[in-house]
Amino acid sequence: MTERPARRPSHWVEAAQVVIGVRVLFLAVAALAAGYLASGTGAPELSLRIWERWDAPIFFRIAEHGYTGADTDPNATAFFPAFPLVLRALHAIGLPYLAAGLLVTTVATVVASGFLCRLVDEEQQ
């Protein structure tokens, strides 16, 4: 009787597990850092706003006001429009911009990781 090889989860399941695990780890490290850095100043504010840094506010302003709005960065045209369009669409159905951004980047990371896992498996064969 021959043994059947152990079945691996699909590339998408494996990618989703890794990405979600890393995101949870990032959130835990951010919470610990916020608590450590705010020691002596009272209870730290634990929110997702810690992720609203660097280019995120620019994308949020583009999604809200467009490329030519009064509150938009004058160099906003350097940013491609797909991400702000998806943010605006998700905001239209009720998600805040920050939550929409985190959701879109997580899904995009899972898709990219799934394709990368598939590519590696094909190269190993």
Side-chain angles (χ1 to χ4, degrees):
M1 178 185 269
T2 59
E3 278 188 41
R4 292 174 47 190
R7 186 166 183 226
R8 277 183 53 196
S10 78
H11 301 294
W12 304 109
V13 172
E14 191 174 358
Q17 289 171 340
V18 169
V19 169
I20 291 171
V22 168
R23 296 290 167 131
V24 168
L25 181 65
F26 282 167
L27 290 172
V29 168
L32 289 172
Y36 178 73
L37 295 174
S39 63
T41 61
E45 178 188 336
L46 297 178
S47 72
L48 293 179
R49 293 193 59 88
I50 195 167
W51 302 111
E52 195 172 351
R53 303 281 187 263
W54 299 295
D55 291 342
I58 297 171
F59 279 116
F60 297 157
R61 283 194 296 270
I62 293 170
E64 189 174 358
H65 304 289
Y67 284 97
T68 59
D71 292 338
T72 305
D73 188 287
N75 300 314
T77 55
F79 295 89
F80 291 112
F83 187 55
L85 283 172
V86 174
L87 290 178
R88 179 178 269 188
L90 291 174
H91 184 73
I93 61 170
L95 275 177
Y97 286 115
L98 182 58
L102 290 171
L103 176 68
V104 170
T105 57
T106 301
V107 169
T109 305
V110 168
V111 170
S113 299
F115 278 117
L116 186 61
C117 288
R118 208 170 131 198
L119 178 65
V120 167
D121 276 354
E122 286 178 8
E123 288 296 318
Q124 287 179 348
Q125 292 178 2

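No experiment lies behind these values; they were computed from the predicted model shown.
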Legend entry - Val110-Val107 co-clustered via ILVMFWY side chain contacts under 4.5 Å: no

Inset, instruction - Consider only side-chain heavy atoms of I, L, V, M, F, W and Y, link residues closer than 4.5 Å, and tell whether Phe79 and Leu98 are in one cluster. - result: yes

Inset, instruction - Identify the two heavy atoms, one from Ala100 and one from Leu87, that lie closest to each other, and give their separation to 0.1 Å. - result: C-CD2, 3.7 Å

Legend entry - Heavy-atom closest pair, residues Arg88 and Glu64: NH2-O, 3.2 Å

Inset, instruction - Check Trp12 against Val111 and note the closest heavy-atom contact, atom names and distance. - result: CZ3-O, 3.4 Å

Legend entry - Separation of Thr68 OG1 from Ile62 CD1 (nearest 0.5 Å): 11.0 Å

Legend entry - Interatomic distance, Arg23 atom CZ to Thr109 atom OG1 [nearest 0.5 angstrom]: 4.5 Å

Legend entry - hydrophobic_cluster_shared for Val86 and Ile93, side chain cutoff 4.5 Å: yes

Inset, instruction - Locate the shortest heavy-atom distance separating Thr72 from Gly66; write the atom from each residue and the value. - result: OG1-O, 2.7 Å

Legend entry - Greater than 12 external heavy atoms within 6.0 Å of Arg61's CZ: yes

Inset, instruction - Check the hydrophobic clustering (I, L, V, M, F, W, Y; side-chain heavy atoms under 4.5 Å; chains of links allowed) and say if Ile20 and Trp51 are grouped together. - result: no

Legend entry - Phe59 to Pro84 - nearest heavy-atom pair and separation: CD2-CG, 3.6 Å

Inset, instruction - Calculate, to the nearest 0.5 Å, the distance between atoms CG and CG belonging to Leu102 and Leu90 respectively. - result: 11.5 Å

Legend entry - Shared hydrophobic cluster, Leu119 / Val13 (ILVMFWY, side-chain heavy atoms < 4.5 Å): no

Legend entry - Interatomic distance, Asp121 atom CG to Leu116 atom CG [nearest 0.5 angstrom]: 10.0 Å

Legend entry - Straight-line distance of Thr105 OG1 to Leu103 CG, nearest 0.5 Å: 8.0 Å

Legend entry - Shortest non-hydrogen separation from Tyr67 to Ala76 and the atoms involved: CE2-O, 3.1 Å

